[in-house]
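Have a look at the structure below, then the notes.
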Amino acid sequence: MKHFLSVSDLSKQEIEKILNWATQIEQQWDHCRSLNNKCIATFFAEPSTRTRFSFERAMHWLGGRVITAADASTSSSLTKGESLKDTFRTLEQYADAIVMRHNDENWPEIARKYANIPVINAGSGSGEHPTQALLDLHTIKQLRPTLDNAKIMFCGDLTKGRTVHSLLELLQMYAPEKNIEIYLCPAKIDHKNKSHSLSLPEKYENICNFEIIHLNKVNDILPEIDIFYMTRIQKERQCCDGIIDFFRLNKDNIGKVKPNAAILHPLPRNEEISEDIDDDPRAAYHERQVRNGLYIRVALLDHLLYRGIK
Ligand code: NCD
């Protein structure tokens, strides 16, 4: 039994195996039936489009079944005061694995302690989103296979954007050996010497074993960036006063981006990337990243529930 609650639950070797398997699935999109006697419970107590649909479609692709709650935050017994511990105890009587999203950043610890079947973290508050990190890494490696000397920039809500936290943790497995440079915007301190409300929390910086460059201006460095990872402001998690004139990628500055760079975004997108650059060949967010989410989740479910236990 193996959970995937945090990026560190998988070794680099396992990650490479999952990424390779995802590539094979894409090349041969032909249904496999490895999970035909298995069932997952998708328990989403926060909104989702891509993560949830791709997990459910992935399970169907593997020949398995899905049980679910329309909106676990309002329709499950959590609303009657049931604990997450009791929720895990219940779901494990019906399913072979649980895919969960919940706004409590610490729910994975409860799962690790009490769940007796594999639990996959599909988003833990403003903490982590490890399956998104896998699909982001997969996308980055497809677009820049060697990763050598890559300059990767994260821009947007680095405080509450959980996809950034998990991808940084995953990149640390590659960064020193590949000489990857990571840039973050906004920096911890803004130009008025005030701490910035969107910057990366210390605890995520501390897990990185490589140097991080903090910036408050994107335009000067834009022509050097290979992978530009943009995120939305998590309006539902924090007050947005004072962050109105934040950097936006649009047709006025897209010309500064390297011709062979890639623009990634976990989606949903708000105003930080203008729709008028969606058809730019460098924009990887709508098709490649979204589709990779499906292949990666097929490969992960297969790894956790079938291949990995052989
Ligand atoms: C992200 C999430 O839920 O953290 N979306 C996703 O799963 N693709 C990003 C976000 O909500 O901003």
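Counting starts at 1 for both ligands and their atoms, following the listed order.
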**Message:** Can you confirm if the aromatic rings of Trp21 and Tyr295 lie within a centre distance of less than 6.0 Å?
**Reply:** no

**Asked** Can you find a pair of side-chain heavy atoms, one from Thr87 and one from Phe43, that are under 4.5 Å apart?
**Response** yes

**Request:** Identify, chain by chain and in numerical order, each protein residue with a heavy atom under 4.0 Å from an atom of ligand 1.
**Result:** Thr51, Arg101, His129, Gln132, Arg162, Thr163, Arg232, Gln234, Pro266, Leu267, Pro268

**Prompt:** In chain order, what residues pass the side chain to side chain donor-acceptor pair (under 3.5 Å) check against Asn106, with sequence neighbours excluded?
**Reply:** none

**Request:** Report the hydrophobic cluster partners of Ile67, with the cluster defined as I, L, V, M, F, W, Y residues connected by side-chain heavy atoms closer than 4.5 angstrom, directly or transitively.
**Result:** Tyr94

**Message:** Taking the side chain as everything from C-beta on, heavy atoms only, tell me whether Glu205 gets closer than 4.5 Å to His214.
**Reply:** yes

**Item:** Within residues 122-167 or reaching into it, pairs that qualify as ring pair (Phe, Tyr, Trp, His ring centres under 6.0 Å) - sequence neighbours excluded
**Value:** Phe154-Tyr229, His165-Tyr204

